[in-house]
Number of protein chains: 2
Amino acid sequence: MNLKLSTSEENYIKSIYHLQSVSDIVNTNSLAKELNTKAASVTDMLKKLKLKKLIQYERYYGFKLNDKGTQTALSIIRRHRLWEYFLVSKLGFDWDKVHIIAEELEHVSSMELIKKLDTYLGNPKIDPHGDPIPDVNGRLPVIKQINLFKLPLKKTGIVSSVSNQSPQMLEMLKHYGIRIGSQIKINKAFDFDRSLEIKLSKQPACIISEQVAKNIFVYHD
Amino acid sequence: MNLKLSTSEENYIKSIYHLQSVSDIVNTNSLAKELNTKAASVTDMLKKLKLKKLIQYERYYGFKLNDKGTQTALSIIRRHRLWEYFLVSKLGFDWDKVHIIAEELEHVSSMELIKKLDTYLGNPKIDPHGDPIPDVNGRLPVIKQINLFKLPLKKTGIVSSVSNQSPQMLEMLKHYGIRIGSQIKINKAFDFDRSLEIKLSKQPACIISEQVAKNIFVYHD
DNA sequence: AAATAAATTTAGACAAACCTAAAAATATTT
DNA sequence: AAATATTTTTAGGTTTGTCTAAATTTATTT
């Protein structure tokens, strides 16, 4: 049996993993929707993935990734997120433009490539969307991520993710110079409208609204 | 009709281009051999490539790339060589290990990606094997630069570039007194370990290993 | 518990890219 | 110019991943 997975098989594994971590309902239809395909195609693939011992699957009953499948998913996610990090930090892409390209790059299969890429990037723990990057052994770093409001005054945090990724929001963040990885500090919190005066390194202080602030997450020690 | 080419179609185009530039004999069998496939499969693909207006093809008569096909080939080669350059200069791969990985990366289709990669690498003109990198418009820079191994015995060359720029490599080159612009000559090539006895002006002859030699490129007339 | 609805699977087809074996066209010998 | 060899193409089949339409199973109503 073929050890190397096809692009399609990898995409199924990744989607099952994603659905499992987002919602409890993982069934043929939801997977079909996630992958923009039809339920019948999903069933076909489920049979194959079972044969390759990547999922538990009993017809009409349901399915889920087993240990091997989960490890496979994490390895694909690792590749995806490292490439996203590369595209943003080295090539200067905006973080909302990199997903589609990383979807292609993630299927390039060389182990050595990913190892060297990881080293080159400085073993990053978080991708440009603020999502954790699994390590070589498939372990997800535990990141103590908190809402910007919970960051104590005058304590430095590092922007880790933004929950609203609408173009409007991204435009606003760009304007303020806020991006994943930015060092951020709260100078003052105004009770009146819950706005915050913040300070980013190498930038003058500025004020952001509650609206904006509540979508920003940071991690700190 | 589908504008985007499949990986397989791209590989055929690339191979036809390669055979055309290396030998005059480009026929079904030689292409089959080049691609590790069978003549019947080649015929199938030739029909498709003709349909997509990438080649001239008349059954039993022969085939060759037309303008569109040639431009396509050059764009694939551009991607391939830029990735090779990246793998060597940024990730620290040895130049003889990058081909297989670049074969995969070259099929990632984003224009923006290649544009930014090119800028990031400083618009290199030559890949780590000493082959020219086509520009955005598919033009090949004319460069009389060759690997030190390809310099005929007793002929003088001028060091033009070094593909491995690690501190270790640079230390070694410094030790030998090799720098960009140095006049260099090969006195003798040892088959046993592929090491070279070289002579630099105003210095005694010395022996360098294959490891070192394969990273050195020279101009000569 | 029967009827209806929803989800899932099977059956059978299709396109892409490959294959083998046989046929057709072209080249080379004799 | 016949006979033989080589090259190329066709015919028909396989695998992967997809599809539609129909059948089956499970879930929900009435």
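We name chains A, B, ... by the order of the sequence lines, and we start the count at 1 in each one. Note that the coordinates shown come from a computational prediction; the quantities given were computed from them, not determined experimentally.
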Selection residues 22-81 of chain A - residue pairs positive for ring pair (Phe, Tyr, Trp, His ring centres under 6.0 Å), sequence neighbours left out: A:His80-A:His99

Please list all pairs meeting ring pair (Phe, Tyr, Trp, His ring centres under 6.0 Å) that have one or both residues in residues 145-164 of chain B, counting only residues at least two apart or in different chains. none

I need the full list of salt bridge (charged side-chain N to carboxylate O under 4.0 Å, His left out) pairs touching residues 99-111 of chain A, with sequence neighbours left out, sorted by first then second residue. A:Lys14-A:Glu103, A:Lys14-A:Glu106

Quick test of your reading: applying salt bridge (charged side-chain N to carboxylate O under 4.0 Å, His left out), list the pairs with at least one residue in residues 63-91 of chain B, sequence neighbours left out, ordered by first then second residue. B:Glu10-B:Arg79, B:Arg78-B:Asp118, B:Arg81-B:Asp127

Could you check whether B:Phe63 gets within reach of a base, just the sugar-phosphate, or nothing at all, counting any heavy atom under 4.0 Å? nothing

Base, sugar-phosphate, or nothing: which does A:Tyr61 touch, judged by heavy atoms less than 4.0 Å apart? nothing

To the nearest Å, how far apart are [X] [atom1] and [N] [atom2]?
{"X": "A:Asn27", "N": "D:dA27", "atom1": "CG", "atom2": "P", "value": "12 Å"}
{"X": "B:Leu5", "N": "C:dA16", "atom1": "CG", "atom2": "P", "value": "13 Å"}
{"X": "A:Leu49", "N": "D:dT16", "atom1": "CG", "atom2": "C1'", "value": "13 Å"}
{"X": "B:Lys52", "N": "C:dA16", "atom1": "NZ", "atom2": "C1'", "value": "10 Å"}
{"X": "B:Lys4", "N": "C:dA16", "atom1": "NZ", "atom2": "P", "value": "14 Å"}
{"X": "B:Leu31", "N": "C:dC18", "atom1": "CG", "atom2": "P", "value": "11 Å"}
{"X": "A:Glu58", "N": "D:dT25", "atom1": "CD", "atom2": "P", "value": "15 Å"}
{"X": "A:Tyr60", "N": "C:dA6", "atom1": "OH", "atom2": "P", "value": "17 Å"}

Is [X] close enough to [N] that one of its side-chain N or O atoms is under 4.0 Å from OP1 or OP2 there?
{"X": "B:Ser8", "N": "C:dC18", "result": "yes"}
{"X": "B:Tyr57", "N": "D:dT8", "result": "no"}
{"X": "B:Arg59", "N": "C:dA24", "result": "no"}
{"X": "A:Asn29", "N": "C:dA6", "result": "no"}

Is the Lys NZ or Arg CZ of B:Lys188 less than 6.0 Å from the centre of B:Phe190's six-membered ring, within 45° of the axis? yes

Do the side-chain N and O atoms of B:Glu210 and B:Ser195 include a donor-acceptor pair separated by under 3.5 angstrom? no

Can you tell me which nucleotide in D:dT8, D:dT18, D:dT10 comes closest to the side chain of B:Lys47? D:dT10

Identify, with sequence neighbours excluded, every residue that meets side chain to side chain contact (heavy atoms under 4.5 Å, CB included) alongside B:Lys4. B:Asn2, B:Ser109

Proximity to DNA chain C (any heavy atom under 4.0 Å), residues of residues 36-46 of chain A only: A:Ala39, A:Ala40, A:Thr43

